[in-house]
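What follows is one structure encoded as structure tokens, with my remarks underneath.
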Amino acid sequence: MATPLLGQMMAAPLLIPSLLTHAARHHGDTEIVSRRVEGDIHRYTWRDAEHRSRQLAQALRRLGVGDGERVATLAWNGYRHLELYYAISGMGSVVHTVNPRLFPEQIAYIVNHAEDRYVAFDINFLGLIETIAPQCPSVQGWIAMTDRAHLPASRLPLLCYEDLIGVEDGNFPWPSMDENTASGLCYTSGTTGHPKGVLYSHRSTVLHAFGAALPDAMDMSARDAVLPVVPMFHVNAWGLPYSSALVGAKLVFPGKDLDGKSLYELFEAEGVTFSAGVPTVWLGLLTYVKSIGARFSTLERTVIGGSACPPAMLRTFEVDYGVRVIHAWGMSEMSPLGTLCHLRKHHRDLPAEAQQHILEKQGTAIYGVDLKIVGPDGEELPWDGKAFGDLYARGPWVLDRYFRADTSPLVDGWFPTGDVATIDPEGYVQITDRSKDVIKSGGEWISSIDVENVAMAHPEIHEAACIAIRHPKWEERPLLVVVRKPGSTLTREAVLAFYQGRVVKWWIPDDVVFVDEIPHTATGKMLKLKLREAFRDYQAAP
Ligand code: AMP
């Protein structure tokens, strides 16, 4: 048998610090701007970020953090968080981003499950840190991400971030290692059971950064000023801290203030061209921009994902403000990007309405992700845009098994996403539901997302969730839970009338209830489990 002939190119491993050193060497003067929790705006460059990351890696080594050990962060988007990302992974340890919006007991569970050795935190989370500290025996030190002047008084012996790195000279060559070394850990915001850890590697992260930057993905370049609204504590801000370095883009970090006014002012002041976030934050931004009659002077496009982007929001961005929306689907277990929605060349000849219809879908798979939909008996379903089934994914940045789990969730090498979708003949995926949210009425499925999207197009509806309620004949029927816009006196009858002609008759909700607020998960998704509990015994009005 002939021996395979090996290629003779350099065996350079795909390591995360290479993104940072690239940005520092080739885009060294490009700025990173942060709104700090201390209240001011901080600016420096990729060159500075690289130097300080090396100082931080030295400091963590001095503290005794070893290979493969976890260091947690509880922080907003900002330059110190970026340094932690690169320093911890770059030195061979694992950056564990913790979502501060979780309940303290969940955070303690996660920190203990990960066995974090240090926790770095933004000073406004001190109260949370003091609450969980007694429950976290593995943590040897708590690092306040600030300077001595802003160090808060605490009953915990805090370490001061700036003091730690201030004594280091930055002479820390990034070590070479196997590209499959673990680099980051992120727990999924499961709505049931304990959160599960997804352990990313250098290889998966760098490949994902490449894929994310592509024109038919996030379309990123060195000409961009990128403002990640999506938090760095949730799936690495969709990889933006990495892809921004890969293309040498300017980064703008919004810190803790994610309200419409704060975001809009930062967009304008820093010439932001590209942003990314979940629909809820864009609701706030659009409401503010409309209220002051403003326009976006530099924003070109935004990625919307994490939950379905309501078509009405897509239209407002595109038609009213000239901002291109890239609808995207993904999940923590996929680093997170799976599909992104762009038109193809031949779609340009279609009428505007048909183009909009395509853009409302979650898009097509990027290279690196393969998808299939599967029916109840495990058979692969056709890509006809009609058949919907369980969506499966595989690829080099898709999870193989959860951190510290004995078994793998894979089925024949494919990851079951838990989402239900259709795929059309051109490969455009449309997510119809989470499998547990789908409404099963008389043996047929109703897409809660589609029902919600109609409601979101109503000018007096701020937010709407569609959940299943029990029905004696049909088993389940849709109930619409609505938050009205301020000042609206919208009635149940008017909402139901709005559905006429917009969806097939049997998809029209059986009833509408008005609430002051819809609960959200720590990552901004509507918490339907809570709603289902609240309306468990709800009887629709006749
Ligand atoms: P997470 O792991 O917290 O990022 O959540 C991932 C889940 O969010 C996916 O499995 C989907 O159920 C949902 N999701 C993400 N993006 C979209 C989207 N564009 N449309 C509908 N659901 C989405």
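Since we're looking at a predicted model, the values are computed, not measured. Atoms within each ligand, like the ligands themselves, are counted from 1 in listed order. The residues of the chain are indexed from 1 along the displayed sequence.
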Does Met334 come within less than 4.0 angstrom of ligand 1, counting non-hydrogen atoms of the residue?
-> no
Set of residues satisfying ring pair (Phe, Tyr, Trp, His ring centres under 6.0 Å) with respect to Tyr538, sequence neighbours excluded = Phe535
Do any N/O atoms on [X] end up under 3.5 angstrom from N/O atoms on ligand 1?
| X | value |
| --- | --- |
| Ile304 | no |
| Ser332 | yes |
| Ala308 | yes |
| Ala328 | yes |

State plainly whether the residues Glu463 and Arg484 are in salt-bridge range, i.e. N to O under 4.0 Å.
-> no
Taking NZ, NE, NH1 and NH2 as the nitrogens, is one of them in Arg301 or Asp224 under 4.0 Å from a carboxylate oxygen of the other?
-> yes
Under the salt bridge (charged side-chain N to carboxylate O under 4.0 Å, His left out) rule, collect the residues that match up with Glu333, sequence neighbours excluded.
-> none
Decide side-chain contact (heavy atoms from CB on, under 4.5 Å) for Thr339 and Val369; before the verdict, give the C-alpha distance in whole Å, the side-chain angles of both, and the deciding distance to 0.1 Å.
-> CA-CA 8 Å; Thr339 64; Val369 173; 5.9 Å; no
Please state which part of Pro336 comes within less than 4.0 Å of ligand 1, counting heavy atoms only: side chain, backbone, both or neither.
-> neither
Residue part near ligand 1, for Met331, under 4.0 Å between non-hydrogen atoms | both
Euclidean distance, Phe274 CZ relative to Leu299 CG, rounded to 0.5 Å | 9.5 Å
